[in-house]
2 protein chains.
Amino acid sequence: MDRYRPAEYPPFAVTVDLVILTVRDDTMRVLVIERAGPPFQGRWALPGGFVRPDEDLRQAATRELVEETGLTTDIHLEQLGSYGAPDRDPRMRVVTVAYLALAADLPSPVAGTDASAARWAPTADLVAEPDALAFDHREILNDGIERARAKLEYTPLATAFCGPEFTVAELRRIYEIVWDVRLDPRNFHRKVTGAPGFVEPTGRTSTRDGGRPAQLYRRGPASLLHPPMLRMP
Amino acid sequence: MDRYRPAEYPPFAVTVDLVILTVRDDTMRVLVIERAGPPFQGRWALPGGFVRPDEDLRQAATRELVEETGLTTDIHLEQLGSYGAPDRDPRMRVVTVAYLALAADLPSPVAGTDASAARWAPTADLVAEPDALAFDHREILNDGIERARAKLEYTPLATAFCGPEFTVAELRRIYEIVWDVRLDPRNFHRKVTGAPGFVEPTGRTSTRDGGRPAQLYRRGPASLLHPPMLRMP
DNA sequence: CGAATAGTGTCTCTTAGACACTATGTC
DNA sequence: GACATAGTGTCTAAGAGACACTATTCG
């Protein structure tokens, strides 16, 4: 049997869905959009849409990301996985390619979201409530959260949740919120500044929190963390 | 804009492709099939095929895996990623969901491969020759190899390359071949037997190599390795 | 016996984690 | 001055890597 027989392949719809995570108000949050029509009318869903005929998958994800957040820079985007259960959309056969995006707390409250209601929902709320999200989006969200948690261990991706300049304490808060643990500020500081290429000092200082001003850092050139940060003791 | 408008979604074909890795003759190998017709006639390609209308993605991958190898047990299978460049298939728009399988050296020389020529090709050969594989399969293969290498570090997946019972030396050879490094047999032994849940002694011994008989082990219950094996010193 | 492979013990160096201490700002 | 946060030093325990040594088979 030929693997590709153009005349008789079963047609699918292909979409991209986005798990856009950020940390705001000491909470990990995800961008969700209220569904305007059935199915799952009124339920929250991950932003997404069809892949266009001339688009690569990543292009489609990037386009949706820009449409939903209005931002294009400093947003980490990676493929998360594909979901294609035959009944995941009651109307037709849809395979969705999920992407994971990590963003700094966005100043504008979700610009350009073509008329739909959108909000940064705490991930804990959506995960705790099995029917909070439409389709299989709870499963996708769970996978995205787990991916993000894992990647903080061995990559410098925590910086993707921060602005262009940040203090060590702000970076530590990211870890503490995403992992839901407490980290020793002193050991964390030693480790972050000691890991080659993780962060680079800018020379400037910040005094956001009332104590001694903290050095400001920007993300370094490393793409892997050696040694990794550990969440399990 | 409604995200799903059934009447006017762009139709895609969706396939699964398999990166089936094994270790045979001290070489990491991948199962490839010779393409019978155009495009890329005569070229090697990863095994794969269409997702059927009523099938989940993983089901489709499992079905293809059984069709190609004849085996169904003791084969690790995980989703690798999706590939959907608009021109990746010259005939039509195809999105493929790649799966990675890790198998022990199979005794039968690729059973049930519906008439196509199939072989276990050394991965090094295929990676070195940019045009050895059809479509974007070289990229998929590269991603699969990198995934396998990474997973050996922090999971007990190396055992997936072994039979149901194996010696510590055999397990070490897996690491050495997949990572292309030399490992100290004594430190490796201490580490493997010390990591909780990695391997369990069966009580039996083996004398395959002419020296002192080695203890036989089977894979343990752990799904994560703590502490991980390290390939970078 | 020697050759070959299996497995253990010991030493050193690095690092995680705990935590005392100093530094520099605001009130 | 008190207080808060930033940052450094020091100790201990655990693990990685190097490598000497013992154990058990085959020929």
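Order of the sequence lines fixes the chain letters, A, B, ..., with proteins taken first and strands second; residue numbering starts at 1 for each chain.
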Are A/Thr27 and A/Ile177 side-chain neighbours, meaning at least one heavy-atom pair lies under 4.5 Å?
no
Which residues share a salt bridge (Lys or Arg N to Asp or Glu O under 4.0 Å) with B/Arg219, sequence neighbours left out
none
Residues passing the side chain to side chain donor-acceptor pair (under 3.5 Å) test with A/Ser206, sequence neighbours excluded, are A/Arg208
Just to verify, what does A/Arg173 make a side chain to side chain donor-acceptor pair (under 3.5 Å) with, not counting sequence neighbours?
A/Asp26, A/Glu176
Considering only distance and modelled atom types, tabulate donor-acceptor pairs under 3.5 Å from the side chains of residues 183-192 of chain B, sequence neighbours left out.
{"residue": "B/Asp184", "atom": "OD1", "partner": "B/Arg186", "partner atom": "N", "Å": "2.8"}
{"residue": "B/Asp184", "atom": "OD1", "partner": "B/Arg186", "partner atom": "NE", "Å": "3.3"}
{"residue": "B/Asp184", "atom": "OD1", "partner": "B/Asn187", "partner atom": "N", "Å": "3.0"}
{"residue": "B/Asp184", "atom": "OD2", "partner": "B/Arg186", "partner atom": "NH2", "Å": "3.0"}
{"residue": "B/Asn187", "atom": "OD1", "partner": "B/Arg190", "partner atom": "NH2", "Å": "2.7"}
{"residue": "B/Lys191", "atom": "NZ", "partner": "B/Pro228", "partner atom": "O", "Å": "2.8"}

Pair up each side-chain donor or acceptor in residues 195-203 of chain A with any protein partner under 3.5 Å, not counting sequence neighbours, and list the distances.
{"residue": "A/Thr202", "atom": "OG1", "partner": "A/Arg204", "partner atom": "N", "Å": "3.2"}
{"residue": "A/Thr202", "atom": "OG1", "partner": "A/Leu216", "partner atom": "O", "Å": "3.0"}

With B/Glu146, which residues qualify under side chain to side chain donor-acceptor pair (under 3.5 Å), at least two apart?
B/Arg231
Contacts of B/Trp179 meeting ring-ring contact (aromatic ring centres under 6.0 Å, His included) (sequence neighbours excluded), chain-then-number -> B/Tyr175
Nucleic acid contacts of residues 164-177 of chain A, taken as heavy-atom distances under 4.0 Å to DNA chain C:
none
Among residues 179-195 of chain B, which contact DNA chain D at a heavy-atom distance under 4.0 Å?
B/Asp184, B/Arg186, B/Asn187, B/Arg190, B/Lys191
Who passes side chain to side chain donor-acceptor pair (under 3.5 Å) against B/Asp143, sequence neighbours left out?
B/Tyr83
Please, which pairs that meet salt bridge (Lys or Arg N to Asp or Glu O under 4.0 Å) have at least one residue in residues 121-138 of chain B, sequence neighbours excluded?
B/Arg88-B/Asp136
Nucleotide N/O of nucleotides 22-24 of chain C paired with protein N/O under 3.5 Å:
{"residue": "C/dA23", "atom": "O4'", "partner": "A/Arg212", "partner atom": "NH1", "Å": "3.4"}
{"residue": "C/dA23", "atom": "N3", "partner": "A/Arg212", "partner atom": "NH1", "Å": "3.1"}

